[in-house]
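None of the values given here were measured: they were computed from a predicted structure. Every chain is numbered from 1, with letters handed out A, B, ... down the list of sequences.
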Number of protein chains: 2
Amino acid sequence: MTHFHDPTTCQSCAQRFTSVFCKAKQEFISEINEQKICNIYKKGQTLFNEGSYPFGVYCINDGKVKLSHLGDDGKEQIIRLLRGGDVLGYRALLSGERYSASAIALEDTQVCFIPKELFISVLKNDTGLAFEMMKLLSDELHKAEVKLTHLAQKPIRERLAETLLFIKETYGYESDGITLSVRLSREEIANLVGTATESTIRLLSEFKKDGMVELDGKKIKILRQKELIKTANLQD
Amino acid sequence: MTHFHDPTTCQSCAQRFTSVFCKAKQEFISEINEQKICNIYKKGQTLFNEGSYPFGVYCINDGKVKLSHLGDDGKEQIIRLLRGGDVLGYRALLSGERYSASAIALEDTQVCFIPKELFISVLKNDTGLAFEMMKLLSDELHKAEVKLTHLAQKPIRERLAETLLFIKETYGYESDGITLSVRLSREEIANLVGTATESTIRLLSEFKKDGMVELDGKKIKILRQKELIKTANLQD
DNA sequence: TAACATGCATGATTTTTGTCATGTTTTGAA
DNA sequence: TTCAAAACATGACAAAAATCATGCATGTTA
C-alpha cells in the first residue's frame with residue numbers, strides 16, 4: 001500500500017537531523033551507513049517481542065510504532081509511541097536484559113537496524129553520542145515518572161484528555177489541521193490511558209457531546225484543544 | 001543521635017564496591033575524592049528541591065532517602081527509595097533540566113556531593129563509567145515502566161503487597177529478620193502505592209488480620225512473605 | 001451475498017476506591 | 001509531665017471505575 005523509497009544512506013536520510021545519531025561523528029555515521037539494514041514492517045507487524053534478546057537497535061525512518069508491555073494478567077499497556085527519527089531497543093541493550101516490551105508497527109513503517117556490536121563500539125568511541133544517549137534515557141525516565149504520578153493521582157477523565165493531547169503532540173494532525181494522524185482502536189487508547197475499553201468509549205462520547213472532539217470511527221478530530229487542556233488539568 | 005565517622009576517602013568508603021562509581025578509573029576516583037563534599041542530613045531534611053537547578057550529584061554513603069514528585073494538585077508521589085551506595089540527582093543533570101523531584105532524608109543520612117563539572121568531565125573521559133550510567137538509567141527506566149503497568153492494571157490490595165515487598169528488597173530487615181528496617185508513615189506508604197492514606201491503613205489492618213504482617217506503630221513485621229507474594233500476584 | 005468476527009456503543013449493576021466524619025493513640029515540644 | 005498536634009484507625013457514605021450484558025455497525029471471508 002504505502003511506498004517508501006530506500007533512504008540509501010544515513011547521510012541523506014530524512015531523519016538525519018532529528019535522531020540521536022545526528023550528533024555522532026561523521027566517521028561513525030559512515031560506518032553505521034555501511035552496516036545498517038533497512039526494512040519495512042507492515043501495519044501490525046512486530047519489530048521485536050517482549051522476552052527475546054536484543055541484537056541491535058532500531059531507528060525509525062518513517063512510520064509509527066507502539067511499544068507495549070504485557071501486564072501480569074496479559075493485558076497490554078502501551079508504554080510509548082514512536083515516530084520517524086525515534087530510536088528503540090536501546091533500553092534492553094544497554095542494561096543487558098531481554099526486551100521488556102514489544103514493538104509493533106501502527107502503520108507501514110520503514111526502519112533501519114543497527115547491529116549491537118556496532119552500536120556499542122560507536123558509543124564507546126564517541127563521547128558526544130554517549131551523552132546524547134544519556135540525555136535520551138534521562139528524558140524518557142522523566143516522562144515515565146510524570147506519567148506514573150498522573151496514573152496514581154488523576155482520574156480517568158483527565159488522563160484520557162491528556163492522552164489525546166499526547167497523541168497530538170507525538171503524531172500531529174493531518175493536513176486538515178484537526179484530525180489526529182494516527183488510527184488507534186478504542187482498546188489501544190484505553191491501554192495508553194490505563195483503563196477499561198468501555199470507560200474510554202464512554203468518555204470519548206462525553207467529550208464529543210461536550211464539543212471537544214469529533215468521532216468518525218478511528219478518526220478523531222480535536223475541535224477545542226483549550227477545553228481539552230482544561231479537562232486534562234495540566235499545570236505546565 | 002546517629003553518629004557517622006567521616007569516610008575521609010572514597011578509597012575507604014563503605015560503598016566503594018556497590019556504587020556506580022566503583023567502575024570508574026582510579027585516577028578519577030582520586031579526583032572525586034579530593035573534590036567531594038560530605039554532609040549529614042538529619043531525618044526530614046531536604047537534599048534538593050523539585051524545581052531548582054542541579055549543581056552536582058549526590059552519593060549516599062549511609063542512610064535512607066526518598067525521592068518524590070508533587071502531583072499537579074500538590075499530592076506527594078514517592079518515585080524511588082534510596083539507600084547507601086545509591087546515586088541521585090543525575091537525571092536532571094544529564095537532561096539539563098531542573099530537578100523534577102525532591103530528595104528528603106528518611107533518617108539521618110550521610111551523603112557525598114560531587115560537583116557538576118567534575119561529574120561531567122569524569123563521564124567524558126571514562127567510557128566505563130558512562131556505560132555504567134547508561135545501564136543505571138536503563139534499569140531505572142525499566143523499573144518505572146513496570147511500575148507504570150502495575151499502577152494501571154493492578155488493584156490497590158496487590159499494589160500494597162508489592163510495595164511492602166519492595167520496601168523489604170530495598171532496605172531489608174532489622175536484626176530480628178522480620179521487621180522492616182525503615183519507619184514510614186501510613187501516608188508515605190500510601191504515596192508509594194499511589195492511593196489514599198485511609199485505604200492503606202485499612203488494607204494494612206486486613207493484612208494483619210490475615211496474619212501476613214504485624215503492626216506496631218511504624219514498625220512493620222513481615223510474618224508470611226509467601227502469602228504476601230501471592231497477594232501481590234507477581235509473575236517473575 | 002450470507003455468515004461470521006470484530007469493534008463500537010450504551011445501559012445496568014457491582015466492585016473498588018476515595019472522601020468525610022469522628023474518635024483514639026502516639027509523639028514531640030514546652 | 002502535660003498539652004497540642006500529628007498520626008492512626010474505623011465507620012458511613014459517595015464517587016469512580018470495572019464488569020457484564022446486549023445491540024448495532026462495520027468489515028472480512030467463504
Using heavy atoms and a sub-4.0 Å distance, could you list which residues of residues 192-205 of chain B are near DNA chain C? By number, please.
B:Thr195, B:Ala196, B:Glu198, B:Ser199, B:Arg202

Within residues 144-152 of chain B, which residues have any heavy atom lying less than 4.0 Å from an atom of DNA chain C?
none

Passes side chain to side chain donor-acceptor pair (under 3.5 Å), B:Glu162 versus B:His150? Steps please.
CA-CA 10 Å; B:Glu162 195 176 339; B:His150 289 181; 2.6 Å; yes

Pair up each side-chain donor or acceptor in residues 83-94 of chain A with any protein partner under 3.5 Å, not counting sequence neighbours, and list the distances.
unit_1: A:Arg83; atom_1: NH1; unit_2: A:Thr170; atom_2: O; d: 3.1
unit_1: A:Asp86; atom_1: OD2; unit_2: A:Arg83; atom_2: N; d: 2.9
unit_1: A:Tyr90; atom_1: OH; unit_2: A:Arg80; atom_2: NH1; d: 3.2
unit_1: A:Arg91; atom_1: NH1; unit_2: A:Ser95; atom_2: OG; d: 3.0
unit_1: A:Arg91; atom_1: NH1; unit_2: B:Ser138; atom_2: O; d: 3.4
unit_1: A:Arg91; atom_1: NH2; unit_2: A:Ser100; atom_2: OG; d: 3.0

Answer yes when [X] and [Y] have at least one side-chain N-carboxylate O distance shorter than 4.0 Å, and no when they do not.
X	Y	value
B:Asp72	A:Lys154	yes
B:Glu50	B:Arg98	no
B:Glu107	B:Lys64	yes

Between A:Lys66 (side chain) and A:Glu188 (backbone), is there a donor-acceptor pair under 3.5 Å?
no

In whole angstroms, how far is the [atom2] atom of [N] from the [atom1] atom of [X]?
X	N	atom1	atom2	result
A:Lys208	C:dA9	NZ	P	7 Å
A:Gln153	C:dG18	CD	P	11 Å
A:Arg186	C:dT10	CZ	P	10 Å

Let me confirm one number: the CD1-CG distance from B:Ile79 to B:Asn191, rounded to the nearest 0.5 Å.
10.5 Å

When rounded to the nearest 0.5 angstrom, what is the spacing between CG in A:Leu160 and CD1 in A:Ile201?
11.5 Å

Going by distance alone, is a donor N or O of one side chain under 3.5 Å from an acceptor N or O of the other, for B:Thr197 and B:Thr200?
no

Please examine the side chains of A:Tyr41 and A:Thr46, heavy atoms only from C-beta on, and report whether any two atoms are closer than 4.5 Å.
no

Heavy-atom nearest nucleotide on DNA chain D taken for A:Arg157 and for B:Lys218; more 5' hit belongs to B:Lys218

Just the endpoints, please: which first and last nucleotides of DNA chain D, 5' to 3', lie under 4.0 Å from a heavy atom of chain A?
D:dA17 to D:dC20

One pair to check against side chain to side chain donor-acceptor pair (under 3.5 Å): A:Glu76 and A:Ser68. What are the steps and the verdict?
CA-CA 6 Å; A:Glu76 176 189 50; A:Ser68 54; 3.0 Å; yes

Residues which pass side-chain hydrogen bond (donor to acceptor under 3.5 Å, both in side chains) with A:Asp176, listed by chain and number, not counting sequence neighbours:
A:Thr179

Roughly how bent is the helix from C:dT1-D:dA30 to C:dA30-D:dT1 end to end, in steps of 10 degrees, with each end axis from five pairs?
40°

Is the distance from the ring center of B:Tyr58 to that of B:Phe48 below 6.0 Å?
yes

